Amino acid sequence: MNPQPQLTRPTTDISLCNIYEAVDARPLLHLNMDTASDCQVGQAMPIVLDAYYQQVQQAAQQTLKTITLADVMAQVQKVEAQS
């Protein structure tokens, strides 16, 4: 038996953000919480970096929302045509 997955929407209506959220919505950047407890800088860094990492995550997701599966497929076809 060969599964035949099918899209439920046109490729123009599926963003990379949709795919990212459906497949693996973990944060793009990982915050290391394993810092030295006796180091003031080490203790502060996760707190400070968290806000920046959230900004990066939001910006990346906003960009992913503007790229559709149709866009990606068109680029793949262009690359294949050049090969």
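Here the structure is a predicted model, which is why all the values come from computation and not from measurement. Note that the numbering runs from 1 along the sequence shown for the chain.
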Between atom [atom1] of [X] and atom [atom2] of [Y], what is the distance when rounded to the nearest 0.5 Å?
| X | Y | atom1 | atom2 | value |
| --- | --- | --- | --- | --- |
| Gln4 | Gln6 | CD | CD | 7.5 Å |
| Ile14 | Ile67 | CD1 | CD1 | 14.5 Å |
| Lys65 | Ser15 | NZ | OG | 8.0 Å |
| Arg26 | Gln57 | CZ | CD | 11.5 Å |

(request) Tell me, please, which residues at least two apart from Tyr53 pass side chain to side chain contact (heavy atoms under 4.5 Å, CB included). (result)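 If we apply the side chain to side chain contact (heavy atoms under 4.5 Å, CB included) test to Tyr53, skipping adjacent residues, the hits are Leu29, Leu31, Leu49.
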(request) Under the side chain to side chain contact (heavy atoms under 4.5 Å, CB included) rule, collect the residues that match up with Ala60, sequence neighbours excluded. (result)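 For Ala60, the residues satisfying side chain to side chain contact (heavy atoms under 4.5 Å, CB included) (neighbours in sequence not counted) are Leu28.
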(request) Ignoring hydrogens and angles, state whether a donor on the side chain of Gln54 or Asp50 is under 3.5 Å from an acceptor on the partner side chain. (result)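 A donor-acceptor contact under 3.5 Å links the two side chains.
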(request) Tell me yes or no: between the side chains of Gln58 and Gln62, is some donor less than 3.5 Å from an acceptor? (result)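 No, Gln62 and Gln58 have no side-chain donor paired with an acceptor closer than 3.5 Å.
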(message) Count I, L, V, M, F, W, Y as connected when their side-chain heavy atoms are under 4.5 Å apart, and connections chain through other members. Are Val79 and Leu69 then in the same cluster?
(response)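 No.
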(message) Hydrophobic clustering (ILVMFWY, side-chain heavy atoms < 4.5 Å, transitive) - are Met73 and Leu7 grouped together?
(response)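 Yes; tracing contacts between hydrophobic side chains, which count when under 4.5 Å, links both residues.
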(request) Starting from the C-alpha separation in whole Å, work towards a yes-or-no answer on side-chain contact (heavy atoms from CB on, under 4.5 Å) for Glu21 and Ile19. (result) CA-CA 5 Å; Glu21 289 172 346; Ile19 297 168; over 6 Å; no
(message) For Arg9, is the CZ atom crowded, meaning more than 12 foreign heavy atoms sit under 6.0 Å from it?
(response)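 It does: Arg9 CZ has more than 12 such atoms within range.
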(request) Quickly, which of Thr68, Thr66, Leu64, Asp71 forms a side chain to side chain contact (heavy atoms under 4.5 Å, CB included) with Leu16? Name it, please. (result)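 Going through the options one by one, the only one that passes is Leu64.
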